[in-house]
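Report on the following structure.
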Amino acid sequence: MRDEIHPNYRDVVFVDLQTGNKFITRSTLNSRETIELDGKTYPLFKCDVTSESHPFYTGAQTRIVETGRVEKFRARFARTTGTKKASA
């Protein structure tokens, strides 16, 4: 690889703002904030949502009942499905 054309790939700490969960992974992102973990200083990135707090992964997601949607549709358009008078 040529020098000075690639971004700096290093360890970065990601923090979930909803749960406070911290994890270290490698990334090229730039951050002005830093955090000290285990005696080392890492760049810090604050995440609004991660797999620790997202409703899909935590099981807190509410499921939409499809039958309710179908019944609402049928009730709304029941008037238009009636028989029309045939014009002669």
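Not measured: the values here are computed from a predicted model.
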Minimal non-hydrogen separation, Pro43 against Val12, with atom names:
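Here Pro43 and Val12 meet closest at O-CG1, 3.5 Å.
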Nearest heavy-atom pair of Leu29 and Arg10: which atoms, and what distance?
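It is O-NH2, 2.9 Å.
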Would you sort out whether Ile35 and Thr41 count as a side-chain contact (heavy atoms from CB on, under 4.5 Å), showing the intermediate values?
CA-CA 6 Å; Ile35 190 170; Thr41 302; over 6 Å; no
Partner residues of Asn21 under the side-chain hydrogen bond (donor to acceptor under 3.5 Å, both in side chains) criterion, sequence neighbours left out:
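With neighbours one apart ignored, the set is empty.
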Holding to side-chain hydrogen bond (donor to acceptor under 3.5 Å, both in side chains), I want the full list of residues that pass it with Lys46, two or more places apart in sequence or in another chain.
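Partners of Lys46 by the side-chain hydrogen bond (donor to acceptor under 3.5 Å, both in side chains) criterion, ordered by chain and then number, come out as Glu33.
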Residues two or more places apart in sequence or in another chain: which of them pass ring-ring contact (aromatic ring centres under 6.0 Å, His included) with Phe14?
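Checked Phe14 against ring-ring contact (aromatic ring centres under 6.0 Å, His included); matches are Phe23, Phe45.
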The criterion is ring-ring contact (aromatic ring centres under 6.0 Å, His included); which residues satisfy it with Phe73, sequence neighbours excluded?
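Counting only residues at least two positions away or on another chain, Phe73 forms a ring-ring contact (aromatic ring centres under 6.0 Å, His included) with Phe77.
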Can you name the residues that form a side chain to side chain contact (heavy atoms under 4.5 Å, CB included) with Thr28, not counting sequence neighbours?
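Partners of Thr28 under the side chain to side chain contact (heavy atoms under 4.5 Å, CB included) test: Pro7, Tyr9.
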Can you run down the salt bridge (Lys or Arg N to Asp or Glu O under 4.0 Å) pairs that involve residues 11-23, sequence neighbours left out, and say none if there aren't any?
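Every pair satisfying salt bridge (Lys or Arg N to Asp or Glu O under 4.0 Å) with a residue in residues 11-23: Asp11-Arg26.
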Supply the atom-to-atom distance Tyr42 OH to Thr34 OG1, rounded to the nearest 0.5 angstrom.
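Tyr42 atom OH to Thr34 atom OG1 measures 12.5 Å (nearest 0.5 Å).
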